2 protein chains.
Amino acid sequence: MQNDKLSDCLDQFIKHCKKFDLRITPQRCAIYKKLIKEENHPTAEEMFNIVRKEFPNISYDTVNRTLLTFAEIGLVDVVSTKGGPRRFDPDMDKHHHFHCIHCGKIVDFYSDEFDNLGIPDYFQDDFTVYTKRVVLNGLCKKCRKKKGLKDRNIAIQNKK
Amino acid sequence: MQNDKLSDCLDQFIKHCKKFDLRITPQRCAIYKKLIKEENHPTAEEMFNIVRKEFPNISYDTVNRTLLTFAEIGLVDVVSTKGGPRRFDPDMDKHHHFHCIHCGKIVDFYSDEFDNLGIPDYFQDDFTVYTKRVVLNGLCKKCRKKKGLKDRNIAIQNKK
DNA sequence: TATTAAATAGGATTCATTCCTATTTGTCAA
DNA sequence: TTGACAAATAGGAATGAATCCTATTTAATA
Ligand SMILES: [Mn+2]
Ligand SMILES: [Mn+2]
Ligand SMILES: [Zn+2]
Ligand SMILES: [Zn+2]
């Protein structure tokens, strides 16, 4: 990202915070700046470790709380997963996810067909739908080879 | 479910277990019998509390481990969620979910249109897709009225 | 610049899940 | 039918993630 693009982005960020009466703290700015560079659906802990490099005093709680706040005001998404630590998605564009059930990797993909899906009519009456995401589960190329999924927990969710 | 239907179901269950070299234990049978009656995407703890009524000695760990084992052999699904305790889905038919971000309720819905969605071609080469689910997030009828979502955590995930 | 409520740091706590291991038990073959 | 044995269980301990608590700091405002 170019520098002017980044500062545009930060201006937007500040406006967005103000709209929701959130104070512009150095912690929030630091977290946001790192967040928008992330491509890998980071956890709060991963973000904590990234941000603390430039902000050694920041606490885990602040990072986690801030990411949740960002989610609330629509600056980041929380990824739907089958378990494991919560993962955040700074890409707010319409897109969908493939989850590898072996290694836990989450891969973005884009599909007009998926995006254009309508919500069933009978549903609209009883529910207000904010987001619609397709979630695929399966094996990525690497994991397809290995296989040997003997341990239950590896088969079910990402395990370190 | 009629009695003969239930025993058919249990026969299937036993066959399925044997196919995977799993022993037929009274715990597994008890859990399975209760599981297939559940409509509400129960957690391990909820299943534990249901099963222990008829099996007072069973341990939480056994219930949780067994549900994960069932998931591994395709007797139950793990629901994709944005947090909170893991929830199981005994309905293995193709269907999709609406999640209320306020109260946490998960509602099934069925849609041929969703089911018939193809996976993007370029994707098939690099990934083996086992399941495809559409996840809607929003507000259910009840929660639409209340609103007042002031507490971040309530807005983000189900909170007791 | 003083006021004030919001936000933070850091430790404690809670909650879900997994691990550990002595004991029990289902399965299979003799 | 019984004995051997690996698999499964019970129950408690440990772990990991998320949340809570509260004294202190600080951004915003006038
Ligand atoms: Mn994404
Ligand atoms: Mn369901
Ligand atoms: Zn993988
Ligand atoms: Zn609701």
Side-chain angles (χ1 to χ4, degrees), chain A residues 13-15 17-32 42-49 51-52 55-73 78-79 81-88 104 150-160, chain B residues 13-15 17-32 42-49 51-52 55-73 78-79 81-88 104 150-160:
Chain A
F13 166 69
I14 288 172
K15 265 188 203 150
C17 285
K18 288 195 168 150
K19 180 151 51 166
F20 287 89
D21 294 318
L22 294 184
R23 293 184 176 176
I24 315 302
T25 66
Q27 289 90 338
R28 282 177 177 156
C29 293
I31 293 166
Y32 187 75
T43 64
E45 200 191 6
E46 283 161 358
M47 286 307 300
F48 173 55
N49 285 321
V51 174
R52 76 194 303 193
F55 208 126
N57 252 37
I58 202 166
S59 72
Y60 172 83
D61 187 46
T62 294
V63 174
N64 184 58
R65 186 172 17 80
T66 299
L67 289 168
L68 290 173
T69 302
F70 288 173
E72 241 190 313
I73 67 175
V78 176
V79 181
T81 67
K82 295 193 171 190
R86 185 162 42 214
R87 298 176 69 167
F88 295 91
K150 283 175 193 150
D151 184 339
R152 175 186 3 78
N153 303 315
I154 291 183
I156 293 304
Q157 73 181 61
N158 45 314
K159 182 171 184 176
K160 219 187 281 179
Chain B
F13 166 69
I14 288 172
K15 266 188 202 151
C17 285
K18 288 196 168 152
K19 180 151 52 166
F20 288 88
D21 294 317
L22 294 184
R23 293 183 175 177
I24 315 303
T25 67
Q27 289 91 339
R28 283 179 175 155
C29 293
I31 293 166
Y32 186 74
T43 64
E45 199 190 8
E46 283 161 358
M47 285 307 300
F48 174 56
N49 285 323
V51 173
R52 77 196 301 194
F55 208 127
N57 252 38
I58 202 166
S59 72
Y60 172 83
D61 187 46
T62 293
V63 174
N64 185 57
R65 185 171 17 81
T66 299
L67 289 168
L68 290 173
T69 302
F70 287 174
E72 243 191 310
I73 67 174
V78 176
V79 181
T81 67
K82 294 193 172 191
R86 189 191 289 122
R87 298 176 68 167
F88 295 91
K150 281 174 195 152
D151 183 339
R152 173 188 1 76
N153 303 315
I154 291 182
I156 292 304
Q157 72 178 64
N158 43 314
K159 183 172 182 175
K160 219 188 283 179

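Per chain, numbering begins at 1; letters A, B, ... match sequence-line order. Bear in mind the structure is a predicted one, so any value in this text is a computation, not a measurement.
Going from atom CD of B:Glu46 over to atom C1' of C:dC15 covers 14 Å, rounded to whole Å. In this structure, A:Leu68 atom CG and C:dT8 atom C1' are separated by 15 Å, rounded to whole Å. Rounded to an integer number of Å, the gap from NZ of B:Lys19 to P of C:dT27 is 17 Å. Between B:Asn64 atom CG and D:dG12 atom P there is a gap of 17 Å when expressed in whole angstrom units. Whole-Å rounding puts the B:Arg52 CZ to D:dA10 C1' distance at 12 Å. Computed from coordinates, the A:Leu67 CG to D:dA17 C1' distance equals 14 Å when rounded to whole Å. Summarising the geometry, the separation between CD on B:Glu45 and P on C:dT18 is reported as 14 Å, rounded to the nearest angstrom. Spacing between atom CZ of A:Arg87 and atom C1' of D:dA17 amounts to 14 Å, rounded to whole angstrom units.
End-to-end axis angle of the helix from C:dT1-D:dA30 to C:dA30-D:dT1, from C1' rotation axes over five pairs per end: 40° (rounded to 10 degrees).
B:Leu22 and B:Ile73 make their closest contact through CD1-CD1, 3.7 Å (heavy atoms, listed as atom of the first residue, atom of the second, distance). For the residue pair A:Asn64 and A:Ala44, the shortest heavy atom distance occurs at OD1-CB, 3.4 Å. Contact between B:Val78 and A:Lys82 at its shortest, heavy atoms only, is O-CE, 3.1 Å. In terms of heavy-atom proximity, A:Phe48 sits nearest to A:Ile58 at CE1-O, 3.3 Å.
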For nucleotides 25-30 of chain D, 5' to 3', base contacts (B), sugar-phosphate-only contacts (S) and non-contacts (-) with protein non-hydrogen atoms under 4.0 Å give -BBS--
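Note on B:Asp61: a base of the nucleic acid sits closer than 4.0 angstrom, heavy atoms only.
In this structure, the side chains of B:Gln27 and B:Val51 stay at 4.5 Å or more apart for every pair of heavy atoms. In this structure the side chain of A:Leu68 reaches within 4.5 angstrom of the side chain of A:Arg86, judged on heavy atoms. Within the 4.5 Å cutoff, the side chain of A:Tyr60 has no heavy atoms near those of the A:Arg52 side chain. You'll find the side chain of A:Val79 stays beyond 4.5 Å of the side chain of A:Phe88, heavy atoms only. Contact of the A:Arg87 side chain with the A:Glu46 side chain is not registered, since no non-hydrogen atoms from C-beta on lie closer than 4.5 Å.
Closest approach to the B:Asn57 side chain among C:dT8, D:dT9, D:dG11 is made by D:dG11 (side chain taken as heavy atoms from C-beta onward). When distances are taken from the side chain of A:Tyr60 to each of C:dA7, D:dT19, C:dA16, the shortest belongs to D:dT19. For B:Arg65, the listed nucleotide lying nearest its side chain is D:dT9; candidates were D:dT9, C:dT8, D:dA17. Comparing D:dT9, C:dA9, C:dT18 against the side chain of B:Arg28 picks out D:dT9 as the nearest.
Contact between the side-chain N/O atoms of A:Ser59 and the OP1/OP2 oxygens of C:dA9 is found at a separation under 4.0 Å. Within the structure, every side-chain polar atom (N or O) of B:Arg86 is placed at least 4.0 Å from both OP1 and OP2 of D:dA17.
The aromatic rings of B:Phe13 and B:Tyr32 sit parallel, their planes meeting at an angle under 30°, below the 60° perpendicular limit.
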